[in-house]
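In what follows, a structure is listed as structure tokens, so that the remarks can point back to it.
These values consider heavy atoms only, across backbone and side chains, with no hydrogens, waters or symmetry-generated copies. In this chain, residues are counted from 1 in sequence order.
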Amino acid sequence: MANASEFGQSSPSLQNYASAASAVKLAAMALIMGISLLGNASLSLLLLKDSSLHKAPYYFLLDLCLADVVRSAVCFPFVMASIGGVASAWPYSALGCKIVAFMSVLFCFHVAFLLLCVSVTRYMAIAHHRFYSKRMNLCTCAAVICMAWTLSAAMALPPVFDVGTYKFIREEEQCTFEHRHVKANDTLGFMLMLAVIVATTHVVYAKMLCFVYDHRKMKPAQLVPAISQNWTFHGPGATGQAAANWIAGFGRGPTPPTLVGIRQASHPGNRRLLVLDEFKTEKRIGKMYYMITLAFLVLWAPYISACYLRIFGRGAPVPQLYLTAAVWMSFAQAGANPIISFLFNKELRVRLRACFPCCLGTQTPMEPYCVI
């Protein structure tokens with residue numbers, strides 16, 4: 001009788017705890033979903049509206065934002081439905097579970113593949129700017145985006161046909177891969193591919209950092225003597241003294257040639273080097289994309305680690321608290337990109353403020369002047 005009474009007293013407390021936990025999860029999911037939809041939709045509209053942002057790096061950012069919008073609008077409501085259901089069960093059919101799991105894995109691999117492609121384009125923008133400026137147009141960006149979607153679909157489609165089965169995982173309250181032990185596992189290849197993609201992306205950024213560091217080293221100046229014909233100095237080492245000597249009457253030859261040290265005006269299409277302003281812009285965009293890549297790694301690493309523990313661990317279940325936190329961190333990645341983009345890209349902040357004239361402060365007009 002005592003045990004029965006104690007069980008009767010503990011059962012309502014467990015029910016209250018489960019109800020409170022479900023309410024917290026629903027509130028957290030609603031917050032993540034709202035931030036993701038509002039932030040990604042706002043950034044997408046800004047990228048579409050402002051013609052000055054119609055450039056290669058921002059085409060990729062637009063694709064990332066649209067993918068996160070679709071993920072938040074399509075996948076997250078089903079997670080909320082499973083949380084609010086009876087005993088956190090999947091309330092729909094098995095086919096619906098496979099479709100939702102396919103879309104979740106599709107968006108995850110798409111972000112990974114696209115960030116890898118973006119890292120390569122960032123390296124090209126710094127190390128091979130002439131080739132990058134000629135080849136990276138709208139059609140090239142569309143081809144890269146289509147390739148990322150194709151590769152992600154190739155990774156997410158086989159489990160639909162029970163090659164790495166999609167099932168509802170009650171501990172995660174979502175439809176995704178069913179990770180079993182390595183001896184009876186067919187999802188290890190998918191997880192290894194995701195880890196390789198993320199690691200390769202960081203290797204490309206490390207190579208770009210080494211390139212920038214190597215080319216920032218100061219090299220000693222190499223002085224080339226000028227050629228003198230009747231006191232008219234010309235050649236790579238010539239200075240303004242040649243013209244002064246000729247004007248003073250020391251020269252008896254023709255007018256000294258144009259000084260080599262002065263760069264003549266050239267057409268924009270003939271640019272070969274990355275000038276300082278363009279370098280700062282490319283560096284700022286590269287920093288923004290690396291922070292997006294780093295956020296993807298930080299937010300997905302706990303969940304990927306839990307998956308590897310399930311695959312290689314023998315009889316050691318993943319703690320429920322850790323698994324819940326890891327799953328919710330992977331959900332939060334859908335709303336991180338707009339925050340990082342506005343935080344680390346000054347150009348986006350300026351364009352966003354330009355959309356709201358009331359936020360623009362009055363600036364004192366500057367008088368035109370000339371240098372004598």
Exercise. Going from OG1 on Thr281 to NZ on Lys346, what distance comes out if it is rounded to the nearest 0.5 angstrom?
Worked result: 10.5 Å
For this session: Going by the salt bridge (charged side-chain N to carboxylate O under 4.0 Å, His left out) test, name the single residue among Arg353, Lys55, Arg351 that passes it with Asp50.
Result: Arg351
Problem set entry | Short side-chain to backbone donor-acceptor contact, Ser72 and Val69, under 3.5 Å | no
For this session: Please test Lys25 against Val79 for side-chain contact (heavy atoms from CB on, under 4.5 Å), starting from the C-alpha separation and ending with a verdict.
Result: CA-CA 10 Å; Lys25 291 179 182 179; Val79 177; over 6 Å; no
Exercise. Which atom names give the shortest non-hydrogen contact between Tyr92 and Ala81, and what distance separates them?
Worked result: OH-CB, 3.9 Å
Exercise. Does the side chain of Leu348 come within less than 4.5 Å of Leu43's, by heavy atoms?
Worked result: yes
For this session: Kindly say whether Met191 contributes a backbone atom to a donor-acceptor pair with the side chain of Tyr308 at under 3.5 angstrom?
Result: yes
For this session: Answer yes or no: is there a side-chain heavy-atom contact under 4.5 Å between Leu294 and His202?
Result: yes
Seminar exercise, completed: Shortest non-hydrogen pair, Tyr123 vs Lys207, comes out as OH-CE, 3.4 Å
For this session: Take Asn345 and Arg349 through the side-chain contact (heavy atoms from CB on, under 4.5 Å) test and state the conclusion after the steps.
Result: CA-CA 7 Å; Asn345 195 323; Arg349 296 197 301 269; 5.8 Å; no
Problem set entry | Test item: Tyr59 side-chain N/O and Asn137 main-chain N/O as donor-acceptor pair under 3.5 Å | no
Exercise. Ser82 side chain to Glu173 main-chain N or O, any donor-acceptor pair under 3.5 Å?
Worked result: yes
Problem set entry | Rounded distance (nearest 0.5 Å) linking atom SG of Cys307 with atom CZ of Phe177 | 9.0 Å
For this session: I would like to know whether Met155 and Phe113 meet side-chain contact (heavy atoms from CB on, under 4.5 Å); could you show each step before the answer?
Result: CA-CA 11 Å; Met155 294 300 301; Phe113 276 117; 3.9 Å; yes
For this session: Would you check if Met33 and Pro77 make a side-chain contact, meaning some heavy-atom pair closer than 4.5 Å?
Result: yes
Exercise. Quick one: are Trp149 and His110 in side-chain contact, heavy atoms under 4.5 Å?
Worked result: yes
Problem set entry | Gap separating the CD atom of Gln174 from the CD1 atom of Ile169, nearest 0.5 angstrom | 8.5 Å
For this session: Please work out which of the three classes, parallel, tilted or perpendicular, describes the rings of Trp300 and Tyr303, given edges at 30° and 60°.
Result: perpendicular
Exercise. Roughly how far, to the nearest 0.5 Å, is the OG atom of Ser119 from the CG atom of Leu115?
Worked result: 8.0 Å
For this session: May I ask you to check whether over 12 heavy atoms, not counting those of Met136, lie within 6.0 Å of atom CE?
Result: yes
Problem set entry | Any donor-acceptor N/O pair, Ser341 side chain to Asn337 backbone, under 3.5 Å | yes
For this session: Could you check Glu347 against Tyr58 for side chain to side chain donor-acceptor pair (under 3.5 Å), going step by step and ending with a plain yes or no?
Result: CA-CA 11 Å; Glu347 185 178 6; Tyr58 297 115; 2.9 Å; yes
Exercise. Any chance the rings of Phe60 and Tyr289 have centres within less than 6.0 Å?
Worked result: no
Exercise. Which heavy-atom pair separates Ala306 from Val318 by the least distance, and what is that distance?
Worked result: O-CG2, 3.9 Å
Problem set entry | Under 3.5 Å: donor-acceptor pair, side chain of Glu172, backbone of Leu323 | no
For this session: Go through the side-chain N and O atoms of Tyr132 and Glu282 and say whether any donor and acceptor fall under 3.5 Å apart.
Result: no
Problem set entry | Validation row, ring centre Phe102 to ring centre Tyr166 under 6.0 Å | no
Problem set entry | Donor-acceptor pair, side chain of His54 and main chain of Leu48, under 3.5 angstrom | yes
Exercise. Does the side-chain contact (heavy atoms from CB on, under 4.5 Å) test come out yes or no for Trp90 and Val100, once each step is laid out?
Worked result: CA-CA 11 Å; Trp90 178 252; Val100 173; 4.0 Å; yes
Problem set entry | Where Val298 and Met329 come nearest, the two heavy atoms and their spacing | O-CE, 3.6 Å
Exercise. Just by modelled atom types, is the Ala334 backbone N or O under 3.5 Å from a matching donor or acceptor in the Asn40 side chain?
Worked result: yes
Seminar exercise, completed: Minimal heavy-atom distance between Ser44 and Leu66, with the atoms involved, is OG-CD2, 3.8 Å
Problem set entry | Phe109 vs Leu151 side-chain heavy atoms within contact, under 4.5 Å | no
Problem set entry | Euclidean distance, Glu178 CD relative to Lys167 NZ, rounded to 0.5 Å | 4.0 Å
Exercise. Are side-chain heavy atoms of Thr121 and Pro57 found at a separation under 4.5 Å?
Worked result: no
Exercise. Going by heavy atoms in the side chains, are Ile292 and Leu61 under 4.5 Å from each other?
Worked result: yes
Exercise. Would you call Met147 and Thr150 a side-chain contact if the rule is heavy atoms closer than 4.5 Å?
Worked result: no
Seminar exercise, completed: The reported gap from CG in Leu53 to CG in Leu47 (rounded to nearest 0.5 angstrom) is 6.0 Å
